[in-house]
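Order of appearance sets the numbers: ligands from 1, and atoms from 1 within every ligand.
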Amino acid sequence: MLRQKNLIFLGAPGAGKGTISDLLLARHPLAHISTGDLLREEIRKGTPLGKETEALVKSGKLVPDELITELVKKRLECPDAAAGFILDGFPRTIRQAELLDQTLAGMKRPIDRVVYLSVDDELILKRLTARQTCSSCGAIYNRLFTPSKKENVCDKCNGVLTQRPDDSLETAQARLKVFYTQTEPLIEYYRAKGLLLSVEAADKHHVIDTLLTELA
Ligand code: AMP
């Protein structure tokens with residue numbers, strides 16, 4: 001069991017938050033709360049929230065702070081999150097971080113550590129534009145770095161691999177800009193609270209080894 005188990009993964013899109021979450025979850029049963037996944041699921045199901053947020057998500061813009069915080073709050077109240085959680089892609093603004101602080105204070109479940117995954121822009125754009133996701137099981141591949149054995153087919157379940165619409169070069173660049181203007185200030189926010197763990201994230205094995213040591 002990890003000693004530090006209420007975690008935030010902070011990083012630009014393509015920094016590897018999802019991949020590192022999967023590697024950590026394979027060893028420790030934490031709730032994986034990816035706000036991007038939650039929103040894509042609402043969009044897929046065509047719920048009112050999905051309809052309200054679809055255009056923003058597809059264009060790489062942030063959905064409103066109060067709305068996303070409410071979604072996270074509901075997910076944190078699910079029983080599996082009591083044993084620890086990874087917040088992947090949330091918070092993304094200072095306002096969201098403040099709302100999260102209030103929510104967690106009310107639940108008496110403070111954040112133990114904020115992991116910042118640091119990666120060069122050039123590598124990020126390569127990762128994003130070559131990323132593929134299995135439409136059946138959600139497994140993540142990369143045409144350049146971790147390709148599936150058979151082109152466009154999932155190794156695990158034979159599902160069809162697709163590219164996220166927001167991973168086109170143009171939208172990926174826009175998302176990176178959103179990260180630098182709206183999300184990067186969170187690094188200092190959490191450093192000031194003494195919670196930040198910054199990890200050089202070009203190599204996922206280095207990241208997971210560091211996390212297993214630092215969070216134990
Ligand atoms: P992700 O899968 O984390 O890259 O998120 C995909 C998209 O979902 C983002 O580009 C935003 O449009 C939206 N999104 C995800 N998380 C948040 C958040 N914390 N705040 C606002 N929008 C978000």
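- The pair Glu42-Lys51 fails the salt-bridge criterion, with no side-chain N (NZ, NE, NH1 or NH2) lying under 4.0 Å from an Asp/Glu carboxylate O.
- Below 3.5 Å of separation, one finds an N or O of Arg175 facing an N or O of ligand 1.
- In this structure, a donor-acceptor pair under 3.5 Å is present between the side chains of Tyr180 and Asp121.
- Closest to atom 13 (C) of ligand 1, if we only count protein heavy atoms, is Leu39 CD1, 3.4 Å.
- Ion pairing between Asp80 and Arg75 holds under the 4.0 Å rule for side-chain N and carboxylate O.
- Per-residue contacts place Arg164 under 4.0 angstrom from the following atoms of ligand 1 (heavy atoms of the residue considered): 1 (P), 2 (O), 4 (O), 6 (C).
- Applying the 4.0 Å criterion to heavy atoms of Lys61 picks out, from ligand 1, the atoms 11 (C), 12 (O).
- In the candidate list Gly36, Gly60, Ala12, Ser59, Gly36 is nearest to atom 5 (O) of ligand 1, counting heavy atoms.
- Close approach of ligand 1 to Phe90 (heavy-atom distance below 4.0 Å) involves ligand atoms 19 (N).
- Counting only distance, with no hydrogens or angles, the side chain of Arg143 and the backbone of Thr129 share a donor-acceptor pair below 3.5 Å.
- The closest heavy-atom contact to atom 1 (P) of ligand 1, among the options Arg92, Gln182, Gln96, comes from Arg92.
- Side-chain contact of Thr171 with Asp166: a donor-acceptor pair under 3.5 Å is absent, judged by distance alone.
- Remark: Arg127 does not engage Asp167 in a salt bridge, criterion side-chain N to carboxylate O under 4.0 Å.
- At least one donor-acceptor pair under 3.5 Å links the side chain of Thr213 to the backbone N or O of Asp209.
- Of all protein heavy atoms, the one lying nearest to atom 7 (C) of ligand 1 is Val57 CG1, 3.9 Å.
- Contact analysis leaves Lys17 out of contact with ligand 1, as no non-hydrogen atom separation drops below 4.0 angstrom.
- In this structure, the protein non-hydrogen atom closest to atom 22 (N) of ligand 1 is Val63 N, 3.1 Å.
- Nearest approach of Ala201 to Ala15, heavy atoms of both residues: CB-O, 4.0 Å.
- Of the protein's non-hydrogen atoms, the one nearest atom 16 (N) of ligand 1 is Thr35 OG1, 2.8 Å.
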